[in-house]
Amino acid sequence: MRSWTGRIGAAIVIVLVLVAAIGPLVAPYSPTAIVGIPYQAPSGRFLLGTDSLGRDVLSRVLYGGRTVIGLASVATLMAYLVGVTIGLIAGYRRGLTDATLMRAMDVVIAFPPILLLLVLATGAGANALVLVIGVAITHVPGIARVVRAATLDVSVRGYVEAAAARGERSGFILGREILPNISSTILADVGIRLSGSILLVASVNYLGLGLRPPTADWALMISENREALTTQPPAVVVPALLIAALTIAVNLVADAVARSFGTSVEERGVAR
Amino acid sequence: MSEPAVRAEGLRVELLSGTPIVEDLDLSIARGQTLGLVGESGSGKTTVALALLGYRRAGVKIAGGRVTIAGETMVPRVEREVRRLRGRLVSYVPQEPGMALNPSMRVGEQLRAMLRFHAPSRQAGPALREALEWVELPSDEQFLRRFPHQLSGGQQQRVAIAIALICRPVVAVLDEPTTGLDVLVQAGLLAGVRRLREESRLTMVYVSHDLAVVASIADRIAVMYAGRVVEEGPTAELIRAPRHPYTRGLIEAVPDPAKPRRLQGIPGVAMGVGGRLPGCPFAPRCSQRVPHCDRELPALEPSGAERLVRCFEWKRTPPLVRLPPQLARLERDASRVLLEAEDLAASHRGRRERVTAAAGVSFAIERGESVALVGESGSGKTTIARCIAGLHRPDAGRILLDGASLAPLAAQRSVESRRRIQIVFQNPYDSLNPRHTIGDAIARPARLLRGLSRAAAPGEVASALERVRLPAGIASRYPPELSGGERQRVAIARALAAEPDLLICDEVTSALDVSVQAAVLELIADLRTTLGLSVLFISHDLGVVACVCDRVIVLRDGVVREQGPAGRVLAHPSDPYTIQLVSAAPAIARGDEDTDGYAMPATPASP
Amino acid sequence: MGVRTARPPLRLTLAARHPALSFLARRIGAALLLLLVVSILIFAGTQLLPGDVANAVLGRNATPEALTSLRHQLQLDQPASERYVDWLTGVLHGDLGESVSAHTAIWPFIRPRLANTAILALCTVLLMVPLALALGVLAATRAGRPLDHFVSVVSLAMISIPEFVTGTMLALVFATTLGALPALSLIGPGETALDNPEILILPIATLLAASLAQTTRMVRAGMIESLRSEYVAMARLNGFDERRVVTRYALRNALAPTVQVIALNIQWLVGGIVVTETVFGYPGIGHTLVDAVSTRDIPLVQSIALIIAAFYFAVNIVADLLVVFLIPKLRTAQ
Amino acid sequence: FGGDDDSSSGAATGPTGKPQRGGRLRIAMVGGGGTETLDPNAAVPNIDSCRATCLFNRLTRLKPDLSLENELAEVFEPNKTATEWTVRLRSGVEWHDGSPLVADDLLYTLKRMGAPDSTLAGKNVTNMIDLGGVKKLDGRTLRLPLKSGSASFPELFQSPQMMIVKDGETDFNKNPIGTGPFKYVSFTAGQNSLFKRNPDYWEEGLPYVDELVITSTPDPQARLNALLSKQVDAMEQLSFQQTKTQKNAGRIRVLQATGSSMVPIYMATTLEPFTDVRVRQAIRLIADRDALISNVQLGLGAVGNDVYGRGFENYNDDLPQRKQDIDQAKSLLKAAGKSDLRVTLFSSSAGPGMLESATVFAEQAKKAGVTIQVDNGPADSYFGPKYLKQNFAQTQWPTFTIFSWYQQAMTPQAPFNETHWADPQWNKLLREAEATLDETKRKELYFELQKIEHESGGYLIWGFYPLCDGLATNVGGAVPSAANGFSNFNLASWWLA
Ligand SMILES: Nc1ncnc2c1ncn2[C@@H]1O[C@H](COP(=O)(O)OP(=O)(O)OP(=O)(O)O)[C@@H](O)[C@H]1O
Ligand SMILES: Nc1ncnc2c1ncn2[C@@H]1O[C@H](COP(=O)(O)OP(=O)(O)OP(=O)(O)O)[C@@H](O)[C@H]1O
Ligand SMILES: [Mg+2]
Ligand SMILES: [Mg+2]
């Protein structure tokens, strides 16, 4: 990663992940403990003041990154597991399998995302798993399409044909011959998708369809405390800034990664 | 004729990092003359061609030197000014017209846009007609309303040339205009260019990696190696008596369909950008190198009338010699048949209709025999090969191995029959998985098909590499670190690791430079004799076929037009299509014989 | 986006006979089939929700006795499959049925809300497309220079901020503090959003923030790719001036992928508009869908979801048609 | 009492002087989405009830001080044993279509509610009446025989769902005909309604404004923004934080009334672990009520004492105020063998501060060694299938009379007997109280009832929340009232300066 913006992004991501990871160890209070009266201004005791219930904002901020970062990452990972599998199979098998899988993806895309999340959240209960599944599902069709296109491309390459000619199992061909060679295509938009997941997780939590109070979560903090925007700004602004910083940073990294893949592709193009 | 049409002095082009691509390049072309610029891939031909128009690709800069076209300075000059001269003073014909024509603009519009911009005063109608006539294209409205994708490759290239000529430039730079075209189409286009050269006063720079093609077009030839011109001189003399060892090597490596003989490659690999050493860049591959060559770069010096050469030892360059012809094969013997195709029919399901790729194709391959499958692009060669390898399900017909019918798809075949037939693909850049080491790639078929143990793999890999004359150390490396020729050798080694009886080679050399091609062909010929392999050799290049094959099968539109011993089919073809193919194949008038080039059939490219 | 172009609709031979018509017919046929699948899935999904419309309608008055009685009146005691078939039969006859919570026919009930969302989305798109094209082209032609960096960073930041933050901030600044614009999208009885356009400004700005940035980036990427193409290099080698190269050569060929991006954004707009609608109390369809789910008004949920899905497919088809139109290779015979 | 208009510094006040006529009054309320209806008897969300009071009238109503007065009833009298009530309607009241209000309208309304397949809330009331035995005494008078004596019977008619509708009326969403201060103009469920002044309204001089627009705006911030940017003249339900902030900011007037509205925690007395009264008592002792009020309601609410009815005549304020007593709670739990009690508290954000109070309470319980897991369910189905089957949960009740509440939540017939309350002694006492027409006597009996609840009931009523609504400073005539959850909005008496 050569660009300075990418490096700044990476630095921010690392810092925020560290905050999320070790934050709970250094938090002065329990994130759910009521330690004061609501909406106290920052003071020596509460560095960022208190929130709507009189909990310590700093402690909740330190705890609240886990859910955003963790859930978004897990959701993105899950989306890739499913999407890559579907895309690989569709692209390699072609024909009817391909058509069926891709039409299924069309159906998923056409299913309004809010409805999906609403039904999941209300039907299966609002918990982390449901949130992760819901967010993952929204990514799957996109990933499957990209992977399918790349697979279509790679599956006619000589080495794949050679593997087929010597009678390798499909699993080997997909996993060992094709997958490693489409990984850069796949990785190129991981960052974008991750930041999309973060935004979606945050929005869903904000709408009350995701995690529920009293979980300490940056997005939830914004919605819980947003009425104190003018009276106790840190309770809203700090988590909002952290989410924005996180997504901006992830996007910066994603941009740089995509660009580095992009240039290497270009260079390959020129060299030929 | 005081001012030459093209003059380049001390031209230097570098990457932005400062690594030179082209260095101290001097050229001078008199008006009406055609200069051929040859050299292997990466030698800097395109870079030079573009620099003549004052153009540089992204990531590259023109770092020094001067270029003038008909007295107008092109380099150094600001982009805004130089751009106005492009297209009207000097124009460019790109290598791949399919990519270089605006896909969303009609042919007529692309031509008219040039006129409107560069010569608004000229009448569009006559100008269009004139330009299209030069390239032997119709100029009716119906044709002008076509989009580029509605043209054949040859037509696209002709349109590109028409665009380049429509503003009547002084100089036209043609960058590999026939590379990638079928032989017949190429022959037609070359004939057109030749006529243009004779009938107009156009000055041309003709860039190509194919010495035979350039020799048929150019008045003078400049040979490039590693960003420098290593030899320059009048075409006939240069071909007859090359003075630079590299030029000589190139000529030696060009196969000849009419007079097959063993080829001789230049050892080693061409030098890329970067890593250039202080001495002569060709020294590592040179057979007449002296210690001095490694230390100092020779200058491009006159070596007689109108000839320049960049070699300290050019006087020692031996004259071209006639190499022994290919050994003739034994008589046919039906009991020795290894593989037989019976009434093979195959097709591809297109978007709607089916494309027939083979219709009733029958042939047999004997043990130890090398059979060539030739034909123009799309004639079904690859499809037939894939049917045999079990990668494509035939519509009808049988494939017999030792008399036993084979299942249509590889997955259904026995391990043994999968082992006995191995295939090597055309593109060296995708025949090896870039994510697997060379060792893994070679060991895999041996382990899967021969049940080789994990422990025995390294030894097997080493011997396979040795067989294809690659160092054993290469086993731990990855394909991207290898050159094209090395990769094709590895692909062959991988096939050989299965200890096959039949090796299918699908255009294994067409993506390689001639010098490398020669070496790979040599290797295949050697393997045949040492291992007693049968080979099904697919190629569109009759010269290559003539060098390595015993028997030739000529294919067109999925139908066998003619088959028979290579010597007879290529020297005395009977089918009209074969006759056309043979006569269209470019060949070089070498110094060792007395042919005057080759005949040009006046077949225009079929639309 | 590149992926989309690889999808089957873009067929060469299809265009050979009745290009547009047969293309349309096949796409619409497929879309209808997919819609059926979508509607079954949605129905199945809604069956999993706890509680039912009777609970929602009766609220705190939901005595067990009243619940039974209302369920019977609303025919909720019939098997789910029967209710689905009833609804589907209605739809096939052009009747979306009755909302079980509002006791009115669904179509007149959602029509004004659909119109409101359509107005909002349309205004956003009408602003977004030219702006995104202009900004994207500007950034691409100045790639790597300060203006490009500025556009990149700003758009990145805009994409990264959730809409609910953008919306709340805009309302805080322009409505409650400056009092310049209404904070709440009040649409009077019998009016549409167009009757007092000022209520559209903040919602549009909010939607625009994210979607414009996204589209701009895509246009930029498409343009950069197009500017790197050989035909652009060739146009320069043919001596055309840069303005002509950018418009006639680069932009013209970058439009097709841009259309796909814009289509995606429109789909996103309609699917994701609910956040903005919530922030500004904008009476649109997203909101109605959320309400319908929370009141378990399944015919209403079904109908809205079906309309949204149909819209998705329609946008896809239109985009593909446009692409076919923009890429001569796809629309002309060989 | 009941309404306590806050006078903290900085709070804005309404205009003074004589009421002015005319203008368009615009109100933003929470709304109920597509379920909103103009059928007054089927009203559920506040917005329905508020519209019902604009278009219709009922027999009785609660005044801001929470005492009962007649509305359409001119006379509402019991016989000696309170088993038969005679109601005479006001004379001279006209429906919006000009026809007079008659006894048949009342009879129709009662029969509509009491129909066998009726889903209306009023069925709970009509079930007490022997509908077959109702006698029309004259054109304006009915005699209602009850199945058993009920001295508090008229109280039941103050509910907004008890509006009198016109004889034969069935479709209310298209041009409903009422007797109320406003007439119907238009209505779109989930969006807005437009009403106009009823010039022939029977209450002298009312209403003041010409037009009334009521808009559904679920998002609290959006409502406040609309009020602050003068898009509306009043908004329903300021959150506690908004109330605090806006009181200090002084840009709007806050109408605040605390009655008996509450989001208590309840324990089902027939389900483990709460079958043991000691566990119930312990749970009630765990609550730090002051902390709950200050943290959840930002100090705006009033402390509760585990009995309902604050603000009403019969509310027992002689009972000792229960306070947090962790030691006592621990020892009770120990005695009950539940020292390390773990229990799930079902909660949701279905009422103001509901979820928050669960969260705070769970924290407080830790001190007593009780682990409370808060299960936060979706608000829209909180009173759905699982309701009344949970052992430990939260609920919400608005301010209505104590007897109404008993009818809903405590008696054997109560449809929402959340605590599964079935105390024979308590039931007997209630029957006795309701057969007692003497007010002092009845009050004593009510005090007894509440004493039992205080000792062994299933509710943990830790506090009462205030109704806080926001008004633009040019709105006059608004009087705070806690009744029924929306009575701050007695829109007929409002005027615009
Ligand atoms: N923009 C660039 N960035 C990096 N390397 C470049 C660039 N342009 C050219 N080169 C390198 O410069 C060398 C010369 O390139 P050039 O295209 O001129 O060769 P060529 O002789 O035309 O080869 P070919 O026969 O393959 O077309 C090559 O090694 C190529 O990799
Ligand atoms: N995957 C495919 N789908 C559809 N048509 C195909 C496919 N592969 C090949 N064809 C068509 O089948 C015919 C035969 O193709 P094939 O590749 O066998 O020819 P070839 O002789 O190997 O040509 P080339 O010299 O260009 O490699 C051609 O017309 C080609 O367009
Ligand atoms: Mg080149
Ligand atoms: Mg081929």
Side-chain angles (χ1 to χ4, degrees), chain B residues 49-50 52-59 79-107 109-111 113-114 116-119 145-152 160 163-164 166-167 169 173 175 350-353 355 607, chain C residues 5-19 22-23 26 140 143-144 224-259 322-334:
Chain B
L50 291 171
L52 294 182
L53 285 89
Y55 186 89
R56 45 164 201 84
R57 284 177 285 191
E79 170 76 12
R80 269 169 53 85
E81 288 174 17
V82 81
R83 199 176 275 198
R84 306 197 58 79
L85 301 174
R86 293 186 199 139
R88 67 176 74 160
L89 189 66
V90 50
S91 60
Y92 184 80
V93 177
Q95 170 165 355
E96 272 192 70
M99 309 274 284
L101 294 174
N102 187 342
S104 60
M105 231 192 232
R106 295 175 195 278
V107 168
E109 188 48 33
Q110 307 208 23
L111 286 161
M114 285 295 285
R116 260 203 309 277
F117 190 73
H118 290 297
R145 284 187 56 76
R146 292 205 196 165
F147 285 100
H149 71 271
Q150 294 171 301
L151 305 176
S152 71
I163 291 176
I166 195 164
C167 296
V173 179
D175 190 358
R351 293 306 183 193
R352 203 163 250 187
E353 70 285 287
V355 180
Chain C
T5 47
R7 284 172 52 208
L10 312 179
R11 293 181 174 166
L12 308 187
T13 48
L14 222 164
R17 296 189 193 162
H18 307 289
S22 81
F23 172 78
R26 292 173 50 124
I224 285 182
E225 190 172 314
S226 181
L227 281 169
R228 275 202 208 112
S229 70
E230 295 207 16
Y231 49 80
V232 165
M234 200 55 224
R236 290 184 177 138
L237 280 166
N238 278 337
F240 292 115
D241 57 33
E242 195 60 23
R243 215 195 36 178
R244 215 163 296 219
V245 172
V246 168
T247 55
R248 296 278 289 160
Y249 289 76
L251 181 58
R252 178 72 177 70
N253 291 298
L255 278 180
T258 307
V259 164
L322 261 177
V323 166
V324 167
F325 173 76
L326 284 173
I327 302 180
K329 191 170 178 174
L330 300 177
R331 85 178 119 102
T332 48
Q334 293 273 41

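Values below: every heavy atom of this structure, side chains too, minus hydrogens, waters and symmetry copies. Chain A is the first sequence line, chain B the second, and so forth, proteins listed ahead of strands; every chain is numbered from 1.
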Exercise. Could you go step by step and tell me if C:Asp241 and B:Phe117 meet the side-chain contact (heavy atoms from CB on, under 4.5 Å) rule?
Worked result: CA-CA 9 Å; C:Asp241 57 33; B:Phe117 190 73; 3.5 Å; yes
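- Proximity of the aromatic rings of C:Tyr249 and C:Phe240 is defined here by a centroid distance below 6.0 angstrom, and this criterion is met.
- Contacts of B:Ala113 with chain C are made by both backbone and side-chain atoms, with heavy-atom separations under 4.5 Å.
- Interface remark: B:Gln95 contributes no atoms to any contact with chain C (heavy atom separation under 4.5 Å).
- Of the two parts of C:Arg244, only the side chain, counted from C-beta on, holds a non-hydrogen atom closer than 4.5 Å to a non-hydrogen atom of chain B.
- Heavy-atom distances place no part of B:Leu85 under 4.5 Å from chain C, backbone and side chain included.
- Each of B:Asn102, B:Leu50, B:Leu53 has some count of heavy-atom pairs under 4.5 Å with chain C, and the biggest count is that of B:Asn102.
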Problem set entry | Residues C:Leu227, C:Arg236; criterion side-chain contact (heavy atoms from CB on, under 4.5 Å); working and verdict | CA-CA 10 Å; C:Leu227 281 169; C:Arg236 290 184 177 138; 3.9 Å; yes
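- Listed by chain and number, the residues in a salt bridge (Lys or Arg N to Asp or Glu O under 4.0 Å) with B:Arg145 amount to none (sequence neighbours excluded).
- Partner of C:Tyr231 under the side-chain contact (heavy atoms from CB on, under 4.5 Å) criterion, out of B:Pro103, B:Pro94, B:Pro97: B:Pro103 alone.
- At a 4.5 Å heavy-atom cutoff, the contact between B:Leu101 and chain C is made by backbone atoms alone.
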Exercise. Do B:Arg106 and B:Gln150 pass the side-chain contact (heavy atoms from CB on, under 4.5 Å) test, and can you show the C-alpha distance, the side-chain angles, and the key distance before you say yes or no?
Worked result: CA-CA 10 Å; B:Arg106 295 175 195 278; B:Gln150 294 171 301; 5.6 Å; no
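- Considering only heavy-atom pairs separated by less than 4.5 Å from chain C, the leading option among B:Gln110, B:Arg86, B:Met105, B:His118 is B:Arg86.
- At a cut-off of 3.5 Å, with distance as the only test, no side-chain donor of C:Ser226 or C:Asn253 sits close to an acceptor on the other residue.
- Each of B:Glu79, B:Met114, B:Arg84, B:Arg80 has some count of heavy-atom pairs under 4.5 Å with chain C, and the biggest count is that of B:Met114.
- Neither the backbone nor the side chain of B:Leu151 comes within contact range of chain C; no heavy atom of the residue lies under 4.5 Å from a heavy atom of that chain.
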